[in-house]
Number of protein chains: 2
Amino acid sequence: MDLNYLMDTLRSNGYKITEQRKAILQVLSDNSSSLVSVEQLLCEAKELNKKTNITTIYRNLEIFEKLDLLYRFVTEYGVALYKLACRESSHHHHIICKSCGKTEVIDFCPIDTFKHLSEDKNFNLTDHKLELYGYCDKCQYKKKVKI
Amino acid sequence: MDLNYLMDTLRSNGYKITEQRKAILQVLSDNSSSLVSVEQLLCEAKELNKKTNITTIYRNLEIFEKLDLLYRFVTEYGVALYKLACRESSHHHHIICKSCGKTEVIDFCPIDTFKHLSEDKNFNLTDHKLELYGYCDKCQYKKKVKI
DNA sequence: ATTCATGCAAATGTTTTGCATGAGC
DNA sequence: GCTCATGCAAAACATTTGCATGAAT
């Protein structure tokens with residue numbers, strides 16, 4: 001994901017470009033192929049800018065999310081994980097590696113299959129959530145669960 | 001869901017049947033068609049047994065979950081919601097009302113559709129999560145979001 | 001110069017834990 | 001009587017907020 005696009009979006013929405021913001025965006029960008037926790041984000045952002053503070057992380061994640069720059073995901077244990085949102089992203093689902101957190105986008109959506117089922121149940125279907133879990137290429141033989 | 005079955009399961013696993021446990025199970029049973037939060041559970045359990053304590057709720061939810069009596073669900077805001085697990089439950093998904101939390105089971109699973117997609121991506125697929133959201137029969141015209 | 005962003009500390013909310021007491025078998 | 005379950009208080013986390021200071025425009 002393009003850092004310039006991210007910063008332009010911030011600027012055009014009246015947000016200033018600070019060193020901390022740059023560091024956070026850089027970390028998110030470096031990890032754009034997997035989901036990162038706040039803890040990991042803080043840790044890696046500190047490497048880029050020692051001054052980065054946890055409060056700043058939280059405040060910025062909220063902003064990035066509001067601007068649709070960030071995809072927020074909550075694991076079944078209630079832990080929030082983040083990943084930059086694809087700019088061109090239309091509706092899609094993810095396949096997530098349970099070991100390293102790597103995510104891939106799956107364009108196919110099976111939701112139409114459920115349309116008639118929900119009608120049968122008199123549910124007015126508005127949203128859905130589908131996530132596939134497994135082990136990616138590299139992790140298939142070490143299967144150490146991190147998420 | 002049958003309270004006797006629940007208590008038998010507890011007993012046969014070495015757990016005692018206390019008034020608090022009965023109250024918690026009763027509340028879960030009364031709400032078996034929707035997801036309840038810990039807060040709601042505490043509130044309703046207190047009506048049945050004033051002595052019921054939040055710590056006891058947490059400890060028991062953990063036990064029930066471990067015995068597969070309870071289905072635990074985490075919303076996108078990280079809030080845990082619970083519902084008794086169906087005894088005969090095989091693999092299935094849920095359709096969840098965003099207003100009242102009512103849930104219905106959907107037996108159909110589209111996961112086979114993704115088998116070849118995950119192979120293309122060299123992902124060894126092990127789990128998945130699918131939830132449908134909408135408004136049930138009764139809530140379609142009041143659409144007040146609670147979950 | 002003005003406004004927004006940050007850091008610190010404190011507050012909040014949720015869940016967990018230690019320990020003494022009490023209830024179930 | 002023994003064991004497990006409970007209640008209380010405190011601890012452990014994750015996240016949010018108030019406020020004064022500092023950086024970006």
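Order of the sequence lines sets the chain letters (A, B, ...), proteins ahead of strands, with each chain counted from 1. What you see below is based on every heavy atom in this structure, not just the backbone, and it leaves out hydrogens, waters and symmetry mates.
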**Prompt:** Hey, are the side chains of Y15(B) and T9(B) touching, using non-hydrogen atoms and a 4.5 Å cut-off?
**Reply:**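 Side-chain contact under 4.5 Å: no.
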Calculate the interatomic distance between [X] atom [atom1] and [N] atom [atom2]; express it in whole Å.
X	N	atom1	atom2	result
L81(B)	dT14(C)	CG	P	12 Å
K16(B)	dC2(D)	NZ	P	13 Å
R11(B)	dC4(D)	CZ	P	17 Å
L61(B)	dA5(D)	CG	P	15 Å
I57(B)	dT16(C)	CD1	C1'	15 Å
K66(A)	dA5(C)	NZ	P	10 Å
Q40(B)	dT14(C)	CD	P	14 Å

**Prompt:** Which other residues belong to the hydrophobic cluster containing V74(B), where Ile, Leu, Val, Met, Phe, Trp and Tyr are joined when side-chain heavy atoms lie under 4.5 Å apart, directly or via other members?
**Reply:**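 Direct or chained contacts put V74(B) with V74(A).
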**Prompt:** Among I57(A), T56(A), T55(A), whose side chain to side chain contact (heavy atoms under 4.5 Å, CB included) with R59(A) holds?
**Reply:**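 Between R59(A) and the candidates, side chain to side chain contact (heavy atoms under 4.5 Å, CB included) is satisfied uniquely by T55(A).
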**Item:** nucleotides 6-19 of chain D: protein proximity per nucleotide (B base, S sugar-phosphate only, - neither; heavy atom, under 4.0 Å)
**Value:** BBBB----SSBBB-
**Request:** Give the minimum heavy-atom separation between G134(A) and F123(B), together with the two atoms involved.
**Result:**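 Heavy atoms of G134(A) and F123(B) come nearest at C-CD2, 4.3 Å.
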**Message:** Give me the atom names and distance for the closest heavy-atom approach of T52(A) to K46(A).
**Reply:**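 Looking at all heavy atoms of both residues, the closest pair is O-NZ, 3.3 Å.
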**Item:** Among E44(B), K83(B), K102(B), side chain to side chain donor-acceptor pair (under 3.5 Å) partner for N31(B)
**Value:**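 Among the candidates, only E44(B) passes.
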